[in-house]
Amino acid sequence: MNEIEEMEFEQRILESAMHNTYLILTGKATYDTLLDKESIQPGSIDQHVETAFLFNPVDEDYNPKFPHLNTSDGKEMIDSMIEYFIEIEEYEKCAELVKFKEKKYGTKR
């Protein structure tokens, strides 16, 4: 892979991670449905293509309700997502994440 291809791949992974994490965080998708969507064959989660996340969904501590958001890392993850969606001008997603953050942490951006 040349340098340009590598940069494009990294950008696709970042975009995938932000969008997929947003979908799970807001309850619009589950880990399994995202894997199924990206699978080469329906029902085959071991052949998914690019399903990236900002957390490790196969970690022993993973829970769809995001218990790790109780740490400062969780708050930073949401802040990073908000900044990303501001940059690409997806303000509706920003608003949802800000509301989620205010409800979860009781703080404003």
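Within a 6.0 Å sphere centred on CD of E3, heavy atoms belonging to other residues, nucleotides or ligands number 12 at most.
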What's the verdict on side-chain contact (heavy atoms from CB on, under 4.5 Å) for N20 and L54, showing C-alpha distance, side-chain angles and the deciding distance?
CA-CA 8 Å; N20 291 336; L54 297 176; over 6 Å; no
Assess the residue pair I24 and T30 against the criterion (side-chain contact (heavy atoms from CB on, under 4.5 Å)); give the C-alpha distance rounded to whole Å, side-chain angles, the decisive distance to 0.1 Å, and a yes or no.
CA-CA 6 Å; I24 290 177; T30 65; 5.9 Å; no
Taking it one step at a time, do Y84 and E90 satisfy side-chain contact (heavy atoms from CB on, under 4.5 Å)?
CA-CA 9 Å; Y84 174 81; E90 291 195 36; 6.0 Å; no
Criterion side-chain contact (heavy atoms from CB on, under 4.5 Å) on T26 and F100, from CA distance to verdict
CA-CA 8 Å; T26 58; F100 178 86; over 6 Å; no
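In this structure, the side chain of S80 engages the main chain of E76 through a donor-acceptor pair within 3.5 Å. For the pair T21 (side chain) and M18 (backbone), a donor-acceptor distance under 3.5 Å is absent.
Taking the six-membered ring where the residue is Trp, F53 and Y31 present tilted rings, their angle falling between 30° and 60°.
The shortest side-chain heavy-atom distance between T33 and L23 does not fall under the 4.5 Å cut-off. V98 places a side-chain heavy atom less than 4.5 Å from the side chain of E102. Taking 4.5 Å as the limit, every side-chain heavy atom of K104 sits out of range of all side-chain heavy atoms of K75.
Rounding to the nearest 0.5 Å gives a distance of 15.5 Å between NZ of K101 and NZ of K99. Taken from CE in M81 to CG in D79, the straight-line distance is 11.0 Å, to the nearest 0.5 Å. Rounded to the nearest 0.5 Å, atoms CD (Q11) and OG (S16) are 11.5 Å apart. Between the CD1 atom of I88 and the CD atom of E83 there is a distance of 12.5 Å, given to the nearest 0.5 Å. In this structure, the separation between CD1 on I86 and SG on C94 is 4.5 Å, given to the nearest 0.5 Å. One finds the CD atom of E92 at 11.5 Å from the CG atom of L97 (value rounded to the nearest 0.5 Å).
In this structure, the side-chain hydrogen bond (donor to acceptor under 3.5 Å, both in side chains) partners of Y22, at least two apart in sequence or on a different chain, are K28, E96.
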